[in-house]
Amino acid sequence: MLSVLLATAGAVMSIKNFNNAFNNHHQRLGVALYGIIWLQALTGVLRPWRGCKGRSAWFFAHWLLGTAVCILGVISIYTGLGAYYEKTSRRTELWAIAFTAEISVIVFIYLFQDKWVHIEKQGVILGHEPVRHTEEHISSTDEMKQNESASENC
């Protein structure tokens, strides 16, 4: 909900402060993004209960809208940097590099957390390596247990 409120505040500020001729890709993409954001919020509010017939279709639509917002949002930043350059002739390469680095870190963290459980199960995390028991180790452990139980009986 916070994202919807922030997007709404951004849209209001854009309408008040900028020329809204919608003659560039950034402005048109922004309007489409704003509509998709509100549609995403609406689908979230109208979520069917678990086990209902339409739940899987709702989940797919909600996921698809969320993914579209993420991808179009990234594209909007780059087209906005291009529009800023065309309007002001100021360099935007540093901003593009910084945003690309930020997106790269976010994608890495996303992909890493997706595989975290798999990595833990593989024993890759330091200090969590699985212990492999050999036949010799198992038989010596069994002998120790038998000796302990025999001495306890005495």
Side-chain angles (χ1 to χ4, degrees), residues 1-138 140-141:
M1 291 310 294
L2 181 62
S3 299
V4 174
L5 294 174
L6 287 172
T8 302
V12 168
M13 289 174 54
S14 174
I15 290 169
K16 280 182 148 185
N17 299 326
F18 297 111
N19 174 19
N20 292 306
F22 300 104
N23 57 357
N24 66 36
H25 294 295
H26 178 69
Q27 290 173 332
R28 288 186 222 131
L29 189 58
V31 169
L33 251 171
Y34 185 64
I36 294 171
I37 288 170
W38 270 99
L39 186 59
Q40 168 78 343
L42 182 65
T43 60
V45 170
L46 300 176
R47 177 182 67 206
W49 294 102
R50 288 183 189 211
C52 288
K53 189 173 187 169
R55 178 70 180 218
S56 60
W58 169 87
F59 180 81
F60 180 72
H62 192 66
W63 172 84
L64 188 64
L65 288 170
T67 303
V69 165
C70 291
I71 292 170
L72 292 176
V74 170
I75 293 169
S76 179
I77 296 291
Y78 286 113
T79 59
L81 288 172
Y84 179 77
Y85 175 75
E86 287 176 14
K87 188 172 185 170
T88 64
S89 297
R90 292 184 180 173
R91 295 180 55 165
T92 59
E93 291 88 7
L94 182 62
W95 290 108
I97 291 168
F99 184 66
T100 301
E102 177 187 5
I103 291 297
S104 299
V105 168
I106 290 170
V107 167
F108 175 77
I109 291 170
Y110 174 77
L111 293 174
F112 187 72
Q113 77 164 358
D114 184 46
K115 295 298 179 188
W116 183 258
V117 173
H118 176 73
I119 291 169
E120 282 184 326
K121 286 181 182 177
Q122 299 301 314
V124 175
I125 307 301
L126 294 177
H128 296 287
E129 290 86 9
V131 177
R132 289 187 159 188
H133 296 289
T134 61
E135 283 296 320
E136 184 177 302
H137 178 73
I138 292 171
S140 66
T141 305

Asker: Where is the tightest heavy-atom contact between N24 and Q27, given as atom of each residue plus distance?
Answerer: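 What the structure gives for the nearest pair is OD1-N, 2.8 Å.
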Asker: Quick check: does any side chain N or O of T67 sit under 3.5 Å from a backbone N or O of W63, one acting as donor and the other as acceptor?
Answerer: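 Yes, the answer is positive, given that a donor and an acceptor are paired below the 3.5 Å cut-off.
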Asker: List for me each residue that meets side-chain contact (heavy atoms from CB on, under 4.5 Å) alongside I103, sequence neighbours excluded, and say none if there are none.
Answerer: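 Counting only residues at least two positions away or on another chain, I103 forms a side-chain contact (heavy atoms from CB on, under 4.5 Å) with V74, F99, V107.
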Asker: Could you grab the distance from atom OG1 of T100 to atom CD of E93, nearest 0.5 Å is fine?
Answerer: 11.5 Å
Asker: More than 12 non-hydrogen atoms from neighbouring residues, nucleotides or ligands closer than 6.0 Å to CZ on R47, yes or no?
Answerer: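 It does not: R47 CZ has 12 such atoms or fewer within range.
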Asker: How long is the gap from CG on L81 to CD1 on I77, to the nearest 0.5 Å?
Answerer: 7.0 Å
Asker: How long is the span from the CG atom in L39 to the CG atom in L65, to the nearest 0.5 Å?
Answerer: 5.0 Å
Asker: Taking only residues two or more places apart in sequence, or in another chain, which ones meet Y110 in a ring-ring contact (aromatic ring centres under 6.0 Å, His included)?
Answerer: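 For Y110, no residue satisfies ring-ring contact (aromatic ring centres under 6.0 Å, His included) once neighbours in sequence are set aside.
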Asker: Is the number of heavy atoms from other residues, nucleotides or ligands under 6.0 Å of Y34 OH greater than 12?
Answerer: yes
Asker: Nearest 0.5 Å, what's the CZ-OG distance between F60 and S56?
Answerer: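 F60 atom CZ to S56 atom OG measures 10.5 Å (nearest 0.5 Å).
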Asker: If you count heavy atoms of other groups shown closer than 6.0 angstrom to NE2 of H62, is the number above 12?
Answerer: yes
Asker: Does CH2 in W95 sit with more than 12 non-hydrogen atoms of other residues, nucleotides or ligands closer than 6.0 Å?
Answerer: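 12 or below, so no.
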Asker: Atom CZ of R90 and atom OH of Y85: how far apart are they, to the nearest 0.5 Å?
Answerer: 13.0 Å
Asker: Taking S76 for its side chain and L72 for its backbone only, find out whether a donor-acceptor pair lies under 3.5 Å.
Answerer: no
Asker: Could you state the interatomic distance from OG1 (T43) to CH2 (W38), rounded to the nearest 0.5 Å?
Answerer: 12.0 Å
